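The model shown is predicted, which means the values in this text are computed figures rather than measured ones. In what follows, chains carry the letters A, B, and so on, assigned in the order in which the sequence lines appear, proteins first and then strands, with residues in each chain numbered from 1.
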There are 2 protein chains.
Amino acid sequence: MASTTEENYLKALFNLSNPAGEVGISELAQHLQVSMPSANSMVKTLHKSGLLIYEKYKPVTLTQKGKKEAALIIRKHRLTEMFLVNKMGFGWEEVHEIAEQVEHIHAPKFFERMDEMMGHPTVDPHGSPIPDKQGRIQEMHFKSLAEVQPGQEVVLVALRDSSIEFLEYLNSRQLSLGTELRLISKEAFDESIVVSYLDSEKETLSQKVCEKLLVKIYESNKSSH
Amino acid sequence: MASTTEENYLKALFNLSNPAGEVGISELAQHLQVSMPSANSMVKTLHKSGLLIYEKYKPVTLTQKGKKEAALIIRKHRLTEMFLVNKMGFGWEEVHEIAEQVEHIHAPKFFERMDEMMGHPTVDPHGSPIPDKQGRIQEMHFKSLAEVQPGQEVVLVALRDSSIEFLEYLNSRQLSLGTELRLISKEAFDESIVVSYLDSEKETLSQKVCEKLLVKIYESNKSSH
DNA sequence: GTATTTTGTTAGATTATTCTAACAAAGGAA
DNA sequence: TTCCTTTGTTAGAATAATCTAACAAAATAC
């Protein structure tokens, strides 16, 4: 069975994979805050276990087996986050650190029970999809708020950044998943955006923020159903 | 911070302590299923951290600091077991293994929240006391069923053995904490006992079993309140 | 198309935890 | 007391994960 360290490498590889599925060693090392030789050495170990493809001086690629293992750890992480928020009353900014530890617990029934108690949720508290028991992931292709045109109405459905800092920023603006936003105007100069939400408060959001907010175009007043 | 391995040694030392607080190295090694040199080496490490007192060729003793650390890990273990049973619907025979992993999580809020959600329970699902936040333990001094005289009525309040095998045995007899038992007779030859409980079923319990069942003398028909 | 920077590799050491083999102290039995 | 068993210790090696220093390949820059 994979050690906690190996599991953390798998997760990192999964998350860092570019569309071609490749990850460079230095990228990996940086993400995990270890030296390149450490990453290099672990990559060789994972290669021997058939979890990734490794050739000298080339970026590495997870195998099917590696991807599945990674996805199942991410499943445990996201189920835990959702459980902490929905069943234990934590805020969405508090759960990552705890889930980072709980995800390494080997106890299928424990996570099964969480899943059941929540009625098989499909996304975590930040809107990221929860892989299924086979490790399959439902990729979502949401637009970011930065791509939306003035006048449109949208619902906040997911985040591209789940750092505590960003989540606390959103908390301070009373922005949460499900919040309906109307895009009032866009400033051509710096691409900042003015939105209204929650009983017509008005708020300016920087482009940096907008890019991290994933939304669904809201079609309440169109022929959508 | 203590590693998971160190935490497991502390817990073992705490549980193996005799009334004088002493534990032999071989006893420790056996309990943790490691060789004596391993135990010896770890004992020296814990000594250097001020968690126990070590002198060559003598049994070791936890310091106050060591006792507190151990008790706080046991607190996390027992809170987890209780949470798994009360809030997640697990059976008392399923929770030990899971708690064995969860107890090593470093996230005070996580356990605080469990504690709150359950209304600050004082015992775990097997009747063992949950140490408080300061690591203080409320020692209970229950009698075992083997010490009770025929004719007496008692309530099952705790167990001396929480192995899966024993718990499954109790399940198969519908014995659980809170069950009221009337002691019908005691066989002098092998000290086995005949009891009735739950709508007057009759059941014979071996001495081996009786010694593991901790009870409170039931005083329903006396001047007790 | 050479020079420089970035990226990746090897060698060798370190720390934590474990082991086996060999030996030493303590304690009970004869 | 002397012997034997149990218990505890030391030495030395193994594995997992990490590091630094030194070097090699690939990519980029001009």
Within this structure, what is the CZ-CZ distance for the pair A:R160 and A:F166, rounded to the nearest 0.5 Å? 10.5 Å
Against the six-membered ring of B:F90, is A:K109 placed for a cation-pi contact (under 6.0 Å from the centre, within 45° of the normal)? no
Could you pick out which residue, A:Y57 or A:Q33, lies toward the 5' side of DNA chain D when each is mapped onto its nearest nucleotide? A:Q33
Distance check: side-chain N/O of A:S41 vs OP1/OP2 of D:dA16, anything under 4.0 Å? no
Quick one: which of A:E103, A:H104, A:Q101 gives a side-chain contact (heavy atoms from CB on, under 4.5 Å) with A:T4? A:H104
Salt-bridge contact A:E116-A:R113 (side-chain N to carboxylate O under 4.0 Å): yes
For a quick check under 3.5 Å, do A:W92 and A:D124 share a side-chain donor-acceptor pair by atom type? no
Derivation and outcome, side-chain hydrogen bond (donor to acceptor under 3.5 Å, both in side chains), residues A:H31 and A:E27: CA-CA 6 Å; A:H31 185 85; A:E27 204 184 346; over 6 Å; no
Give a yes-or-no answer on whether the side chains of B:H77 and B:E81 include a donor-acceptor pair shorter than 3.5 Å. yes
Between D:dT15 (C1') and A:M42 (CE): distance, integer Å: 12 Å
Pick base, sugar-phosphate or nothing for A:T5, based on heavy-atom distances below 4.0 Å to the nucleic acid. sugar-phosphate
Figure out the CD1/P separation between A:I25 and D:dA27, and round it to whole Å. 14 Å
Find out whether A:T204 and A:I193 are in side-chain contact, i.e. whether some heavy atom of one side chain is under 4.5 Å from a heavy atom of the other. no
Taking any heavy-atom pair under 4.0 Å as a contact, classify B:S26: base, sugar-phosphate, or nothing. sugar-phosphate
Counting N and O atoms only, with roles assigned by atom type, does the side chain of A:N15 sit under 3.5 Å from a partner on the main chain of A:K11, one being a donor and the other an acceptor? yes
Residues within residues 10-22 of chain A bordering DNA chain C, heavy-atom distance below 4.0 Å: none
If you find the nucleotide of DNA chain D closest to A:K56 and the one closest to A:S38, which residue's nucleotide is nearer the 5' end? A:S38
Contact boundaries of DNA chain C with chain B (under 4.0 Å, heavy atoms), 5' to 3'? C:dT17 to C:dA25
Could you give the CD-to-C1' distance, from B:E27 to D:dT6, as a whole number of Å? 13 Å
Whole Å only: how far is the CE atom of A:M36 from the P atom of D:dA24? 15 Å
Whole Å only: how far is the CG atom of B:N40 from the C1' atom of D:dA11? 12 Å
Nearest whole Å is fine: how far is D:dA17 C1' from A:L46 CG? 12 Å
Taking any heavy-atom pair under 4.0 Å as a contact, classify B:T45: base, sugar-phosphate, or nothing. nothing
